[in-house]
Number of protein chains: 2
Amino acid sequence: MSSVLTKTKPSRAIAPQSWLDTIIKGDCVAALEALPDHSVDMIFADPPYNLQLGGALHRPDQSLVDAVDDEWDQFASFEAYDAFTRAWLLACRRVLKPTGTLWVIGSYHNIFRVGATLQDLHFWILNDIVWRKTNPMPNFKGRRFQNAHETLIWAAPNAKHKGYTFNYDALKAANDDVQMRSDWLFPICSGSERLKDENGQKAHPTQKPEALLARILMASTKPGDIVLDPFFGSGTTGAVAKRLGRHFVGVEREQAYIDAATRRIAAVEPLGKATLSVLTGKKAEPRVAFNVLVESDMIKPGTVLTDARRRHSAIVRADGTLASGGEAGSIHRLGARVQGLDACNGWTFWHYEDEGALKPIDVLRAKVRAGLEKLA
Amino acid sequence: MSSVLTKTKPSRAIAPQSWLDTIIKGDCVAALEALPDHSVDMIFADPPYNLQLGGALHRPDQSLVDAVDDEWDQFASFEAYDAFTRAWLLACRRVLKPTGTLWVIGSYHNIFRVGATLQDLHFWILNDIVWRKTNPMPNFKGRRFQNAHETLIWAAPNAKHKGYTFNYDALKAANDDVQMRSDWLFPICSGSERLKDENGQKAHPTQKPEALLARILMASTKPGDIVLDPFFGSGTTGAVAKRLGRHFVGVEREQAYIDAATRRIAAVEPLGKATLSVLTGKKAEPRVAFNVLVESDMIKPGTVLTDARRRHSAIVRADGTLASGGEAGSIHRLGARVQGLDACNGWTFWHYEDEGALKPIDVLRAKVRAGLEKLA
DNA sequence: TCAGAATCTGAATCTCCTC
DNA sequence: TGAGGAGATTCAGATTCTG
């Protein structure tokens, strides 16, 4: 078995493989037989999540949520899903170089099973990474926390090889000179980035954002490396790989996805090296909610807040709400209520007493923010 | 060490259990035999993750260990850890009420195994929650991302029971009126909150911050509920439970931890009852039928109701139903019918005219409810 | 043409009570 | 225990509509 490609040199010029920068049609495990042992530098896998949906879900405005109910996401049992997971992980490890690494993305429906299977197969977990979504779908029924993140696992094929690629210094430099954390913030893939079919509908139900793949590729590959995506879908991995000067190999079962991905990748312009670091930058100002002050004991439950002229007062409750005269609600709602207004900025309206002086609670929020500024 | 808070239901206050607000010494599974079936409302578990796997996971010079023996050790360790996990999860489920929920915290070393085991045992995962640390330990060797979070799993004992406690409205109000997400931001436990032993060393290696437990308890329990912590350690769960007017039961093997936790909890001052009431939303309001408004003459039979834009209209009949275009039915059914939808909240859809302005009939329901409150 | 309002949408294990 | 009815429930951002 041969691994002809070298990592740092422009391998394409030396000995291009027939499968390089192509999409292989077929089932993941069977299709990977076309690749030699130890032939790829990195694997990004976005396997089916095995969502177990009940009936139809409607938004509060009665519109129907377009759920991921595709055939490829259906499994008969956890055992069936585990067998599927073992099979593709083993096939992937065969084609992965010993110095390569594997990324898998999932949600709580499947990621625990994938992680445990990885460990059972003696993959070596390097990190779990949290993709925090800036704009996740809400929980419409108010029965759970808003499911606002997905989880990635980054693993080496075994515990022994420590020679995997990790561009620590580049990531740190791009991250304002502090080391990159395990929680990342990105928007979901929408707008013009989202691939549409001929009817203007989304071409793939679970297209991942290019920014996410860009950070992964920038972190764990070098220019010229070969990246395998065994569940190629809409081809985000291929598009980003081409743009960042990496090679790709995709495996995909459905012709419609192959066609869409092929067109997409053909339109990608490779970027010059100088532009790349921009992609790993951070964004977004931390929002601080009132209950953070209560939970962190900056405002104790039972504290009495007033407006600047002490005309109104309210008591802070342990759940992070205010109560006054039989009414209760958020700092904003109750501020509006006591004044008989429709709206109110509770942060500037409500005051606490500090050394005899009244100060808006916004002062405390500013303190928290100052402590959080280090974070993205 | 008992707190005498009563719950909304009288039964528990009448016959307090001997184990209530105590720490049971012993191994988790054996000690839980002291508790009856279905006796606790919530469980928070911070299980050990390096007990079985410590050597394999944390030894710095893996490459020097014989590969075959090393793999065998790992495999044996994972199996042992899984058996341990199954055992304590089953013991916990027996003592958990069917309407209760279970929280487990862990890192990538163990959380995938715990999550998969939960699913194997048919626990029903409600959310995975990410605790983002404001001040995590850096990665010193620069070979991985900074491990800046831990993962919690929130689960019901099975898929059927949907009656678990989730204080959605309180969380939302405390979070500046947007629903609480699955990613939480807290500092690690340090400074004066961190328990020290007589030598000034940290009393427990993995003490959790009280703010984290406070959010968990505020989200998934009510005042007076019983919270079990099968790996009690330094007693954060007990301390926060006492402060927030919840009961606790702890299980702990090491006498040193029991002593430290006992002293810690004894020093906790419970919050006053007034600060502990939990904000509830419309779901908790008493039900008012539409015909009450008709019978009390707040809406006269023959009144014409419309939607907010006067696109649809219907006439109120004396029996408390609406009629429109030959159709008749409840305010909800007819609201759905005229819009061609499956469902509709008639209280917010239908409007009546008051001094030239359209107001939702929900305004009238609120008046009825206000009147009912005086009677109570 | 522009500004503001209205509509649409995203990997979702999403109600509760009564008969 | 299953069916049916009451009625509660959403955030951010892109796109389309309207005046």
Side-chain angles (χ1 to χ4, degrees), chain A residues 46-70 72-75 78 105-111 131 133-151 187-194 196 200-202 204-209 231 233 284 287, chain B residues 99 119 122-128 155-156 158-164 166 168-169 172 175-182 280-285 287-290 309 329-336 342-350 361-362 365:
Chain A
D46 184 8
Y49 285 11
N50 190 24
L51 300 183
Q52 293 160 57
L53 308 173
L57 179 64
H58 293 268
R59 298 185 180 81
D61 65 4
Q62 303 303 327
S63 62
L64 180 66
V65 174
D66 184 16
V68 179
D69 52 5
D70 303 68
W72 49 255
D73 199 48
Q74 309 297 321
F75 290 83
F78 285 135
I105 187 168
S107 66
Y108 67 85
H109 311 84
N110 72 320
I111 199 65
W131 167 28
K133 303 178 182 182
T134 59
N135 49 351
M137 198 187 317
N139 181 288
F140 295 115
K141 303 297 186 187
R143 293 298 294 148
R144 304 181 176 202
F145 297 94
Q146 182 184 28
N147 197 2
H149 73 277
E150 295 190 23
T151 301
I188 61 174
C189 181
S190 66
S192 60
E193 188 187 324
R194 189 91 194 206
K196 304 292 194 302
Q201 303 300 116
K202 57 188 176 192
H204 191 278
T206 69
Q207 184 179 342
K208 295 293 175 290
F231 306 97
R287 196 180 62 85
Chain B
T99 56
Q119 292 180 312
H122 305 299
F123 279 84
W124 195 244
I125 298 178
L126 299 169
N127 280 112
D128 60 333
N158 62 65
K160 287 194 303 277
H161 265 94
K162 310 217 170 188
Y164 55 87
F166 180 54
Y168 174 84
D169 297 290
K172 181 175 173 177
N175 195 39
D176 285 13
D177 294 319
V178 292
Q179 59 183 206
M180 189 69 78
R181 295 167 47 110
S182 56
T280 57
K282 276 184 163 182
K283 280 179 181 168
E285 296 282 308
R287 192 151 284 185
V288 175
F290 181 66
R309 297 186 187 177
S330 72
I331 54 173
H332 312 295
R333 286 277 152 256
L334 201 73
D342 286 337
C344 166
N345 183 343
W347 290 108
T348 51
F349 177 72
W350 294 111
I361 57 176
D362 206 22
R365 180 171 65 163

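In what follows, chains are A, B, ... by sequence order, proteins preceding strands, each numbered from 1.
Taking the P atoms as reference points, D/dT9 lies 23 Å from C/dC8, given to the whole Å.
Heavy atoms from other residues, nucleotides or ligands lying under 6.0 Å from CG of A/D61 number more than 12.
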Return one dot-bracket line describing DNA chain C 5' to 3' (Watson-Crick or G-U wobble pairs, both distances under 3.5 Å; ( ) same strand, [ ] crossing, | another strand, . none). .|||||||||....|||||
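Heavy atoms of A/S107 sit nowhere under 4.0 angstrom from any nucleic acid atom. Across all strands, A/D73 comes closer than 4.0 Å to base atoms (heavy-atom distances). Looking at heavy-atom distances under 4.0 Å, B/R365 makes contact with sugar-phosphate atoms alone, never a base. Within 4.0 Å of B/L126, counting heavy atoms only, lies no atom of the nucleic acid at all. Heavy atoms of B/T348 sit nowhere under 4.0 angstrom from any nucleic acid atom. The residue A/P47 sits close to a base: some heavy atom pair falls under 4.0 Å. Looking at heavy-atom distances under 4.0 Å, B/D362 makes no contact with the nucleic acid at all. Across all strands shown, B/E285 has no heavy atoms under 4.0 Å from either base or sugar-phosphate atoms. Within 4.0 Å of B/K172, counting heavy atoms only, lie sugar-phosphate atoms of the nucleic acid but no base atom. Within 4.0 Å (heavy atoms only), B/A343 reaches at least one base atom of the nucleic acid.
One can place CG of A/D61 at 14 Å from C1' of C/dG10, the figure rounded to the nearest angstrom. In this structure, A/W72 places its CH2 atom 10 Å from P of C/dA11, rounding to the nearest Å. Taking atom NE2 of A/H58 as the reference point, atom P of C/dT9 lies 14 Å away to the nearest angstrom. Between the CZ atom of A/R194 and the C1' atom of C/dT9 there is a distance of 9 Å, given to the nearest Å.
At distances below 3.5 Å, at least one donor-acceptor pair connects side-chain atoms of B/Q179 with backbone N or O atoms of A/N139.
In this model, no side-chain donor or acceptor of A/K133 finds a partner on the base of C/dA11 within 3.5 Å.
Once you apply a 4.0 Å limit to the heavy atoms of chain A, the touched nucleotides of DNA chain D run 5' to 3' over D/dA8 to D/dT15.
Here B/D362 pairs with B/K282, B/R365 under the side-chain hydrogen bond (donor to acceptor under 3.5 Å, both in side chains) rule; sequence neighbours left out. Residues satisfying the ring pair (Phe, Tyr, Trp, His ring centres under 6.0 Å) criterion with B/Y164, sequence neighbours excluded, are B/W154.
The structure places CD1 of B/I331 at 9.0 Å from OG1 of B/T348, a figure rounded to the nearest 0.5 Å.
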Check: protein-nucleotides 3-5 of chain C nitrogen or oxygen pairs below 3.5 Å:
none

Contact letters for nucleotides 14-19 of chain C, in which S counts primed atoms plus P, OP1 and OP2 and B counts the base, heavy atoms under 4.0 Å: BSS---
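Summary of the strand contacts: B/G281 and A/K196 both lie near DNA chain D, and taking for each the nucleotide with the nearest heavy atom, the more 5' one is attributed to B/G281. Toward the 5′ end of DNA chain C lies the nearest nucleotide of A/Q201, the other residue of the pair A/Q201 and A/A67 mapping further downstream.
Of the N and O atoms on the side chains of B/H332 and B/S330, not one donor lies less than 3.5 Å from an acceptor on the other residue.
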